[in-house]
Number of protein chains: 2
Amino acid sequence: MTQSGIDIGERLKSIRKMHNLSQRELSRRAGVTNSTISLIEQNRVSPSVDSLKKLLEGFPMTLIDFFTMDMKPKQASFFRRDELVELSDSGSSLLLVGATRKDRKLRVLHETYPPGGGSGDDMISHEGEEAGVITKGSIQISIGNEVRILKEGEAYYIDSLIPHSFRNISDEECQIVSAATPPNF
Amino acid sequence: MTQSGIDIGERLKSIRKMHNLSQRELSRRAGVTNSTISLIEQNRVSPSVDSLKKLLEGFPMTLIDFFTMDMKPKQASFFRRDELVELSDSGSSLLLVGATRKDRKLRVLHETYPPGGGSGDDMISHEGEEAGVITKGSIQISIGNEVRILKEGEAYYIDSLIPHSFRNISDEECQIVSAATPPNF
DNA sequence: TTTAATTGTAAAATATATTGAACACTTGGC
DNA sequence: GCCAAGTGTTCAATATATTTTACAATTAAA
């Protein structure tokens, strides 16, 4: 029988429903009996780790995912261009994706740098990681004491602790999509 | 008996050792028999979620912590196009940024979908958050039971555990830069 | 050495998870 | 109406996890 604090049965059931699977269909995919699934979802048994793992592989999903899952309120998913929030006051443009969401784990930006534009000397460093892809033009990126020019299709991945800055030294507009976690704004 | 992929027994044992606890002492704290602990550590049984939870409370530690535990090193920097790792085997292209880093918190992809291409019919779901910007063309995105077509410059931001999929139903190539945390690959 | 208190392990007994085969109920043809 | 295929549930049988009790090996103190 179960007493595990978190409602494993309910959680499994809701995941199964999300994927539009019947107990029997999940049973086939996971190699666990449909009756077992029924009992687990009713919290009449506490599944072995093996069984739970098999079941999750039917989605697929990992044990980490399962135990990390918390019910979250549904929030806006799609964003038109005018729904992206402009963060920059200079000539450059920093459009934030998902600004309306309360507790983002991710800071995704669509950045546009005109010729001569740049991020300023961003000496603020914070815990986390940051990465991006150049989607148009080229840009000079300084990371620590390294300096390099990245062209369309190239990318970077850095620890946010290391001071970094961007400058468009070309005569073309440059666009970047970047992501960081945890978000610093 | 166990076959759970990850070595639960070894993991439990190493955690116990880290805390300088004997099987019997952990037994007292957790309310689980020492023989059970012995069997689990030898991987001769697959503990029930209940038992594992009780054991971890003896340290204390959560199930999330337990399953998240993975040893991780570090690295950095710039990536040319040919240094991005192709993850797709179909017609679409999924280029991973920073693949050489072992401990990424971020999964940034440069995705290219030819006309008719897509992410596959199997909707994938995993714990975390995911967002992206369409940088070229347009694409149809399904999130849960919502479907929408996003054009260049538009964006999305979703909880990763909501099943989602992409399909390019236009006659032009579509490019996206997406980011997710934590990385599922 | 002996004794007592540890340690991890093992076997049989017991409790529980899982299976296999039913059940009643619904849905969509025909 | 009936029938076939689907749904989730229940119960007895079986497989497995957990406990109880015991054992042998180690460590420390007398």
Side-chain angles (χ1 to χ4, degrees), chain A residues 1-63 65-67 69 71, chain B residues 1-63 66-67 121-123 125 144-145 163:
Chain A
M1 196 179 346
T2 184
Q3 51 189 30
S4 173
I6 51 180
D7 190 339
I8 289 186
E10 182 53 44
R11 186 168 293 190
L12 177 62
K13 185 171 186 176
S14 76
I15 296 172
R16 180 172 62 79
K17 295 287 190 189
M18 272 187 191
H19 289 259
N20 289 320
L21 297 180
S22 69
Q23 290 180 344
R24 277 182 169 80
E25 175 65 25
L26 176 56
S27 166
R28 271 181 298 254
R29 299 196 188 190
V32 175
T33 308
N34 62 300
S35 25
T36 299
I37 298 174
S38 176
L39 295 174
I40 293 175
E41 291 188 350
Q42 298 172 80
N43 283 322
R44 289 173 53 178
V45 296
S46 172
S48 72
V49 172
D50 272 4
S51 298
L52 184 56
K53 175 127 189 294
K54 283 192 213 161
L55 287 169
L56 296 179
E57 281 167 353
F59 293 129
M61 174 181 279
T62 70
L63 287 163
D65 297 337
F66 183 81
F67 288 111
M69 239 179 96
M71 301 312 173
Chain B
M1 197 177 347
T2 185
Q3 52 191 31
S4 173
I6 52 178
D7 191 339
I8 291 186
E10 182 53 45
R11 186 169 293 190
L12 177 63
K13 185 172 184 176
S14 77
I15 295 172
R16 180 172 63 81
K17 294 288 190 188
M18 277 184 188
H19 290 256
N20 288 324
L21 298 180
S22 68
Q23 290 180 343
R24 277 181 168 81
E25 185 153 351
L26 175 57
S27 166
R28 268 176 255 120
R29 299 196 189 189
V32 174
T33 309
N34 62 300
S35 21
T36 298
I37 298 174
S38 175
L39 294 174
I40 293 174
E41 291 188 350
Q42 297 172 276
N43 283 320
R44 290 172 53 176
V45 295
S46 172
S48 72
V49 173
D50 273 4
S51 298
L52 184 55
K53 175 130 189 297
K54 283 191 214 162
L55 286 170
L56 296 178
E57 282 168 350
F59 293 130
M61 171 181 283
T62 71
L63 287 165
F66 183 80
F67 288 110
D121 293 328
D122 275 342
M123 292 202 174
S125 73
N145 46 14

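A, B, ... follow the sequence lines: proteins, then strands. Residue 1 opens every chain.
Remark: A:Thr36 is not in phosphate contact with C:dA17, judged by side-chain N or O atoms under 4.0 Å from OP1 or OP2. A sub-4.0 Å separation between OP1 or OP2 of D:dT7 and a side-chain N or O of A:Ser22 is present. One finds a side-chain N or O of A:Ser51 lying less than 4.0 angstrom from the OP1 or OP2 phosphate oxygen of C:dT18. For the OP1/OP2 pair of C:dT9 and a distance below 4.0 Å, the side-chain nitrogens and oxygens of B:Gln23 include at least one atom meeting the criterion. Phosphate contact (OP1/OP2 of D:dG8, side-chain N/O of A:Arg16, threshold under 4.0 Å): present. A sub-4.0 Å separation between OP1 or OP2 of C:dG8 and a side-chain N or O of B:Gln42 is absent. Within the structure, every side-chain polar atom (N or O) of B:Ser48 is placed at least 4.0 Å from both OP1 and OP2 of D:dA17.
Below the 3.5 angstrom threshold, one finds a donor paired with an acceptor across the side chain of B:Ser35 and the base of D:dT20. Counting atom types as modelled, A:Arg24 pairs no side-chain N or O with a base atom of D:dG6 as donor and acceptor under 3.5 Å.
A donor atom on one side chain and an acceptor atom on the other are not found under 3.5 Å apart for A:Ser35 and A:Ser38.
Ion pairing between a basic and an acidic side chain is recognised when a charged N comes within 4.0 Å of a carboxylate O; B:Glu57 and B:Lys54 show no such pairing.
Atom NZ of A:Lys53 is separated from atom C1' of C:dA17 by 19 Å (rounded to the nearest Å). In this structure, the CG atom of A:Leu39 is 10 Å from the P atom of C:dT19, given to the nearest Å. As a whole-Å value, the separation of B:Glu25 CD from C:dA5 P is 17 Å. Between A:Glu41 atom CD and C:dA17 atom C1' the separation is 16 Å, expressed in whole Å. For A:Asp50 and D:dA15, the CG to P distance is 17 Å, given to the nearest whole Å. Straight-line distance from the CZ atom of B:Arg44 to the C1' atom of D:dT18: 13 Å, rounded to whole Å. Between the CG atom of A:Leu52 and the P atom of C:dT18 there is a distance of 9 Å, given to the nearest Å.
Side-chain contact check for A:Ile15 versus A:Phe66: some heavy-atom pair is nearer than 4.5 Å. In this structure, the side chains of B:Arg16 and B:Gln23 come closer than 4.5 Å at one or more pairs of heavy atoms.
Between C:dT18, C:dT9, D:dT18, one nucleotide has an atom nearer to the side chain of A:Val45 than all others, and that is C:dT18. Of the candidate nucleotides D:dT18, D:dT9, C:dG20, D:dT9 has the atom lying nearest to any side-chain atom of A:Asn34. Listed nucleotides: D:dG8, C:dA11, C:dA21. Nearest to the side chain of A:Lys17: D:dG8. For B:Pro47, taking side-chain heavy atoms from C-beta onward, the closest of the listed nucleotides D:dA17, D:dT18, C:dT18 is D:dT18.
For the side chain to side chain contact (heavy atoms under 4.5 Å, CB included) with B:Leu52, the lone residue among B:Val32, B:Leu63, B:Ile40 that qualifies is B:Leu63.
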